[in-house]
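Because the structure is a prediction, the values reported are computed rather than measured.
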Amino acid sequence: MFENLCTLPLSAELFTQAVHPTEPLLGVGLSSGHVQCFRLPSADRLSEDDADVSVLSDGKGTIDTVWRTKRHKGSCRTLAFSNDGSALYSAGTDYLLKHFSPTTGQVASKIAIPSTKSIPDSPSLLHVLSPQTLLLACDSGALHLLDLRDDALAASKPQQTHFPHDDFVSSITPLPPSGESTSGYSKQWISTGGTTLAVTDLRRGVLVRSDDQEDELLCTAFIEGMGPKKNRDNGVVAVGTGTGVLTLWDKGTWDDQQDRVVVDPRKGGGESLDCIVQIPGDIARGKKVVVGLGDGSLRIVDLMKREVEGALRHDDIEAVVSLGFDCQGRMISGGGQTVKIWEESSLRGGDIGADDSSEMDESGDNDDDDDDDDSDDDDKKANKNAAKRQSSKDSDEDDSGSDQGTSRSKKKRRKGKTNIDLGPHGAHGVLRFRGLD
């Protein structure tokens, strides 16, 4: 279903990525504390009639670095765009939460991450619920609701703080707004942490927490148009676990899972399902998701048929930590020190070979390596006519940015390199399963 079009090398290990909702912009947060924003080629550069300028077809084009800076003195744990894409938020192990422009990198406001204890609390996850509310989850299990109504992080004290789980929050997914909603934004969301799933309401706090699933719950996606036979429009939540099983939960029935799809069936428990994204309907032709695994592979799962439809390979060893689709329908996977761009293979009109992916050059690299993070306010605009960056690693890689013993390292737990045969198309190709076009 998908063809690996290019591989974008990074200067340090990827911890988080965020995709702009309406423009081909990609933000990445690295273990070194750097945050970098790339502009991907637009769709008109991807047509087969214009292949000589398409980086995704022959590697001759460039992908622009819009800006790059050392945003955090520790690692950058999490990134999130605002609903309209006008703002980007990051949080790091320097215990700072920052709000800045996605086009210039200029910092607009920043606060210290709240802590419910006498010691600082590291962030685990950010999610913009609405133009008024930013959700911030921390290693302690605290889930803070921060006020964005003044379009700035002015108040360091959260409006509310909840503890939906006994462990750090590993995922947040909003539930669709009710039919009576006047804002059009969700006021409820599901979260996972440790071995439980919870539902929290903006006005009423934690509503319900599931039974102990006796398996780590790591990622979630809400799927509309599925549900019990008499209520197909109810919606279900797909939850990735630490043992390679994708569990399905009917909306409103939160005590326990309703169904299971074994994504990685190896004996003794499969690889962890670390991230998940629904495939857009015009591409999927059904209800399908892509799941990123701890061994660096990607699995395409047909939720209606309850079967794995295909497999892809992001990395030979490193886990896939983030997945998303950009505004032009391209899938973006991230893990290790690479980001990969994928396109629906039918658009390219041909079989996929092992050497079909090309490394993407980038231009306009504006690298601010000042260790004093206050220099963010002086971030320079990217020079798009600069020389192409070499594939060698940046000199700032010696910044440790280590995250030992944190939520990120827990979520990225490994079971070691596997020897799964990915078929005749090689490490970057597609393993054909039943029903794969």
Side-chain angles (χ1 to χ4, degrees), residues 10 12-21 25-37 69-83 85 87-100 102 105 107 109-115 120-129 133-146 148 153 158 161 164-165 167-174 189 191-193 218-221 274-277 292 319-324 332-335 339 373 376 401-412:
L10 303 172
E13 185 180 8
L14 177 76
F15 267 26
T16 181
Q17 71 180 32
V19 182
H20 194 283
L25 291 177
L26 172 67
V28 298
L30 307 180
S31 61
S32 61
H34 287 83
V35 175
Q36 192 165 0
C37 189
T69 187
K70 189 173 175 67
R71 185 105 300 165
H72 297 280
K73 291 181 179 178
S75 58
C76 176
R77 281 283 199 87
T78 177
L79 286 173
F81 277 101
S82 61
N83 298 106
L88 188 56
Y89 301 90
S90 71
T93 53
D94 56 359
Y95 313 116
L96 290 176
L97 170 61
K98 297 192 174 185
H99 155 222
F100 45 95
V107 173
S109 58
K110 57 184 176 181
I111 62 170
I113 293 173
S115 178
D121 201 358
S122 293
S124 61
L125 199 59
L126 281 172
H127 181 83
V128 180
L129 187 67
T133 306
L134 174 65
L135 305 179
L136 167 64
C138 296
D139 278 0
S140 66
L143 179 61
H144 304 292
L145 279 65
L146 302 175
L148 294 180
L153 296 170
T161 296
H165 308 282
D167 203 345
F168 72 94
V169 177
S170 55
S171 74
I172 294 175
T173 297
W189 60 91
S191 61
T192 55
L218 298 175
C219 58
T220 50
D274 291 343
C275 53
I276 186 173
V277 65
V320 182
V321 300
S322 190
L323 284 169
I332 302 174
S333 64
V339 168
D373 203 44
D376 289 340
S402 62
D403 229 46
Q404 299 297 325
T406 63
S407 64
R408 176 62 61 178
S409 61
K410 293 177 187 175
K411 185 173 180 180
K412 289 176 60 182

Aromatic ring pairing Tyr89/His99, orientation class (parallel under 30°, perpendicular over 60°, tilted between):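 Correct class here is parallel.
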Could you walk me through whether His165 and Ser191 pass the side chain to side chain donor-acceptor pair (under 3.5 Å) test, one step at a time? CA-CA 9 Å; His165 308 282; Ser191 61; 2.8 Å; yes
Note, [X] side chain near [Y] side chain (heavy atom, < 4.5 Å):
X	Y	value
Leu10	Val339	yes
Phe81	Pro102	yes
Ile113	Leu136	yes

Taking all heavy atoms of [X] and all of [Y], pick out the closest pair and write down the distance.
X	Y	answer
Ala142	Thr161	CB-CG2, 4.2 Å
His144	Pro114	NE2-O, 3.6 Å
Leu153	Ser109	N-OG, 2.8 Å

Keeping the roles fixed (side chain from Arg71, backbone from Gln36), state whether a donor-acceptor pair exists under 3.5 Å.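 Such a contact is absent between Arg71 side chain and Gln36 backbone.
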Are a donor atom and an acceptor atom from the side chains of [X] and [Y] found within less than 3.5 Å of each other?
X	Y	answer
Thr220	Thr192	no
His72	Ser90	yes
Asp121	Ser140	yes

Going from CG on Leu79 to CD on Gln17, what distance comes out if it is rounded to the nearest 0.5 angstrom?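 These two atoms lie 9.5 Å from each other.
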Nearest 0.5 Å, what's the CG-OG distance between Leu88 and Ser82?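 So the CG of Leu88 and the OG of Ser82 are separated by 8.0 Å.
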Report the residues that fulfil side-chain contact (heavy atoms from CB on, under 4.5 Å) with Val19, sequence neighbours left out, ordered by chain and then residue number. Leu26, Asp326, Ile332
Pro174 meets the side-chain contact (heavy atoms from CB on, under 4.5 Å) criterion, sequence neighbours left out, with His127, Leu129, Ser186
Before you tell me yes or no, could you show the steps for Asp139 and Arg77 under side chain to side chain contact (heavy atoms under 4.5 Å, CB included), namely the whole-Å CA-CA distance, both residues' side-chain angles and the distance that decides it to 0.1 Å? CA-CA 11 Å; Asp139 278 0; Arg77 281 283 199 87; 3.2 Å; yes
Quick one: which of Leu30, Asp94, Val35 gives a side-chain contact (heavy atoms from CB on, under 4.5 Å) with Cys76? Val35
